[in-house]
Structure formats: C-alpha cells, structure tokens
Number of protein chains: 2
Amino acid sequence: MSEIKNQTKKILQSQGIRITSQRQLILQELIKSLKPLSAAEIHRILIKQDSGIRLSTIYRNLKFFSSRGLIREFNLDRSRKEKFYEFIESHHHHLICTSCGEIKCLGCPLEDYESELAERTGYQIKDHNIKIYGLCPECQTGDI
Amino acid sequence: MSEIKNQTKKILQSQGIRITSQRQLILQELIKSLKPLSAAEIHRILIKQDSGIRLSTIYRNLKFFSSRGLIREFNLDRSRKEKFYEFIESHHHHLICTSCGEIKCLGCPLEDYESELAERTGYQIKDHNIKIYGLCPECQTGDI
DNA sequence: TTATATGCAAACTATTTGCAATGGT
DNA sequence: ACCATTGCAAATAGTTTGCATATAA
C-alpha cells in the first residue's frame, strides 16, 4: 500500500469513519493537493484514474468530512461560484491571483486582533478567514 | 421626491448610469440597509412595495453596479449559498454571528500587513476581505 | 448480517441568458 | 429615433436528495 494511501486510511480510522475506496480517494487528493480543490476538480482527477466515482458521492463526502472537521469548505467570492475544499493541517489564509486563479497559503496576522475584538464587541469569536486578492508576479506583465 | 430617492438619483447620474425606476429602487434598498442583502431579499422587499420588478433585473443590476464599483458582491462562506451585496461607503469587514446570522461591520486591521505581504510575495495586492465568525452577546446564553 | 455508503437519476436553488417589448435620453 | 434596459421564459451551474443496490464492519 502506498504511503499516502496508508496515511489516509489511518486518518479515517482514527476518526471512526467507515473506510470506503471512494472516501480514501477523495481524501488522498485533498491531502496531496497543495491548494484547495473544488468538487468538480476532484471528480475530474478521480475519473481520470479509472474510478467511476460519482459527483454526488464526492459532494456527500466533502460535506461529511467538513462536518467532522477533517476539511474546510469555503467560497472564493470572486468570479467563481463553486465551493472549494482543503484538508486542514493548520490555520491559514489565502492569497488569490485574480488573473490566473492561483491560490497561495498565508499565515495568520489576526491573532492579537481577535482578542481585542472580542473584548470590544462582546462577541465570542469562533473563527475567521481572510482572502487577499492581487496579481501574482507572472500576471503583472503589462501591468493592468 | 424623497431625500434618499434624490440621493440615489444623484449617485447614478454622477456615474453616468442610465436612470431607471428599477435601478433606483435596488440602489435605494442597498443604501438604506444597514447590512448586506441578497438578491432574493432585495426582491422580496421591492415586491412588497408594489413594484413588479423581476429577479433577473435585480441580478443584472447588481452585477452592473458591482462592475462600476458602486457596490460589493460577496459570499458568506458558511451555511448560505447565496451572494450578498452592499453599498460601498468605505473599506470594511464583517463580523457574523453563526447562530442568528447578524452581520456587524468592522474596520480594517490589515493596512500594514498588506504592504509587508506585497514585498514578501511579489504580488501586487489589489484588495482583501476578512470575515470573522462568532456568537453575538445575545446568542451566548446557554454557552454552546 | 445489518447499517451505512454508493450509484443513478431526478430535483432543487441561485443565477444567467436570449429575445421581443419598453423606456430613457 | 436609437440604443440600453426590462420582462418573461427558458437554460445553466452547482449542489442535494430519494431510492434501490452494494459494501464495510
């Protein structure tokens, strides 16, 4: 069994999640991927690898993994309407190139701000996300 | 002519945007509203006020206003799938109660961070948004 | 063996589009 | 008068659901 397949299996097991080949495939792609993927992207990848997995199965499992806190589900706000999904390794944010769509992960600049905000508003802060939009170095030629 | 209707008209005029009753109605609601609205919410409000405006007209104009920089279009990421729209008065962010859905506007804590980020990544930063999720004081009773 | 997950097809929601009619300038 | 905008209906995209079958434990 390949290294990543093994790792994926362990993760599912440790969470008490029933192991199916489809779940392993989906989670593997999210773990391998360096950037968030959409349901359709995952489907495209898995279909190429023979597996006759259905889109509905992918959606169901993405929802399921999210509810178990294994992955994070979010929108990109601009242009696209699909949701994106990523394996949660650590709290971070995204820098998105509005021209080519490339997504880069960033650390979190809000640690102090959050506690100050909680104090000021009375809110009990649970989470947050930041998306930063710009042009990546490659897309800056011609300087729009 | 009512004060706000007048103001709306002036905004459209100053932007060289053709004035129609539908555009005035849509923009008025966004200006009056203290929080972002979805297309369906705007539609519901305007239908109640007699106007037989169509959802498609609302969508078309929301897109149009966004492209002209009059309003901002964004997702809420959690739970809901619709987009939300707000009149742009100044750059700000949102604090969202995950229990009752209340949306509060916040200032921007990222001014310095952005320039540091541009330097570090080579990206030309254009914009960003932050969403912070938590429980508002009212929803904290029972402390989940 | 039994509950859970999947395949499949159909439904649903939010949004977009084509086209003829209407309305602003 | 002319072109932009609207109404209307139909299309589309992304996602969800119901039900029979297959599969993990």
Side-chain angles (χ1 to χ4, degrees), chain A residues 1 5 8-28 36-44 46-47 49-68 70-85 101, chain B residues 1 5 8-27 36-47 49-68 70-71 73-85:
Chain A
M1 178 150 48
K5 193 162 179 189
T8 307
K9 198 165 183 176
K10 271 190 197 140
I11 293 172
L12 292 174
Q13 256 162 355
S14 75
Q15 299 278 324
I17 294 176
R18 205 171 199 140
I19 293 165
T20 66
S21 60
Q22 293 88 339
R23 282 184 178 163
Q24 289 187 81
L25 288 170
I26 296 167
L27 197 53
Q28 267 173 57
L37 298 172
S38 68
E41 282 170 343
I42 296 172
H43 190 231
R44 247 175 272 131
L46 296 182
I47 283 296
Q49 307 173 8
D50 85 60
S51 111
I53 194 172
R54 292 269 131 183
L55 239 193
S56 57
T57 300
I58 293 176
Y59 275 114
R60 270 193 279 233
N61 281 308
L62 290 173
K63 274 248 130 37
F64 180 68
F65 291 155
S66 299
S67 77
R68 297 306 206 82
L70 271 179
I71 67 174
R72 173 185 303 129
E73 178 190 24
F74 64 92
N75 290 101
L76 237 42
D77 277 22
R78 307 294 175 97
S79 57
R80 317 232 212 158
K81 30 190 140 183
E82 330 126 88
K83 290 203 169 148
F84 282 76
Y85 302 84
Chain B
M1 178 149 48
K5 193 160 179 193
T8 307
K9 198 165 183 176
K10 270 188 197 144
I11 293 172
L12 292 174
Q13 256 161 354
S14 74
Q15 300 279 324
I17 294 176
R18 206 171 197 137
I19 294 164
T20 66
S21 61
Q22 293 88 338
R23 283 185 176 162
Q24 290 188 80
L25 288 170
I26 295 167
L27 197 53
L37 299 172
S38 68
E41 281 170 343
I42 296 172
H43 190 232
R44 248 175 270 128
I45 296 170
L46 296 182
I47 284 295
Q49 307 173 10
D50 85 61
S51 111
I53 194 171
R54 291 269 130 184
L55 238 194
S56 57
T57 300
I58 292 176
Y59 275 115
R60 270 194 278 236
N61 282 307
L62 289 173
K63 275 247 129 37
F64 181 68
F65 291 156
S66 298
S67 76
R68 297 305 205 84
L70 270 178
I71 67 174
E73 179 190 22
F74 63 93
N75 289 100
L76 236 42
D77 279 10
R78 309 293 174 97
S79 57
R80 316 230 214 162
K81 30 190 139 183
E82 327 125 89
K83 291 207 166 142
F84 281 77
Y85 301 85

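By convention in this document, chain letters (A, B, ...) are assigned in the order of the sequence lines, proteins followed by strands, and residues within each chain are numbered from 1.
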In whole Å, what is the span from the [atom1] atom of [X] to the [atom2] atom of [N]?
| X | N | atom1 | atom2 | answer |
| --- | --- | --- | --- | --- |
| A/Leu46 | C/dT6 | CG | C1' | 14 Å |
| B/Asn75 | D/dG14 | CG | C1' | 12 Å |
| A/Gln15 | C/dA5 | CD | P | 14 Å |
| A/Ile58 | C/dA5 | CD1 | P | 16 Å |
| B/Phe84 | C/dA14 | CZ | C1' | 12 Å |
| B/Glu82 | C/dT15 | CD | C1' | 11 Å |
| B/Leu55 | D/dG7 | CG | C1' | 12 Å |
| A/Ile26 | C/dG7 | CD1 | C1' | 13 Å |

Using 0.5 Å steps for rounding, measure from the [atom1] atom of [X] to the [atom2] atom of [Y].
| X | Y | atom1 | atom2 | answer |
| --- | --- | --- | --- | --- |
| A/Arg44 | A/Leu37 | CZ | CG | 10.0 Å |
| B/Ser14 | B/Leu70 | OG | CG | 7.5 Å |
| B/Ile45 | B/Ile26 | CD1 | CD1 | 11.5 Å |

For the side chain of [X], counting heavy atoms from C-beta on, which of [options] is nearest?
| X | options | result |
| --- | --- | --- |
| B/Arg23 | D/dT5, C/dT6, C/dT16 | D/dT5 |
| B/Thr57 | D/dT5, D/dG7, C/dT15 | D/dG7 |
| A/Ser56 | C/dA9, D/dT15, C/dT6 | C/dA9 |
| A/Phe64 | C/dA5, C/dA14, D/dG7 | C/dA5 |
| A/Ala39 | C/dA5, D/dA9, D/dT15 | D/dT15 |

Quick one: side chains of residues 55-66 of chain B, donor-acceptor pairs under 3.5 Å with protein atoms, not counting sequence neighbours, listed by atom name and distance.
from: B/Asn61; atom 1: OD1; to: B/Arg23; atom 2: NE; distance (Å): 2.8
from: B/Asn61; atom 1: ND2; to: B/Thr57; atom 2: O; distance (Å): 3.1
from: B/Lys63; atom 1: NZ; to: B/Glu73; atom 2: OE2; distance (Å): 3.2
from: B/Ser66; atom 1: OG; to: B/Leu62; atom 2: O; distance (Å): 2.8

Looking at every heavy atom in both [X] and [Y], which two are closest together, and how far apart are they?
| X | Y | answer |
| --- | --- | --- |
| B/Ser51 | B/Leu25 | CB-CD1, 3.8 Å |
| B/Leu12 | B/Gln24 | CD1-CG, 4.0 Å |
| A/Glu82 | A/Asn75 | O-ND2, 4.1 Å |
| B/Phe74 | B/Pro36 | CZ-CG, 3.5 Å |

Using only side-chain N and O atoms of [X], determine if any of them is under 4.0 Å from OP1 or OP2 of [N].
| X | N | result |
| --- | --- | --- |
| A/Gln22 | C/dG7 | yes |
| B/Lys63 | C/dT16 | yes |
| B/Arg54 | D/dT6 | no |

A/His43 (side chain) donor-acceptor with A/Ser38 (main chain) under 3.5 angstrom: no
Trace of the side-chain contact (heavy atoms from CB on, under 4.5 Å) decision for A/Ile71 with A/Leu27: CA-CA 9 Å; A/Ile71 67 174; A/Leu27 197 53; 4.3 Å; yes
Sugar-phosphate or base contact per nucleotide [nucleotides 19-25 of chain D; S, B, -; heavy atom under 4.0 Å]: -----BS
Axis deviation across the helix from C/dT1-D/dA25 to C/dT25-D/dA1, five-pair ends, to the nearest 10°: 40°
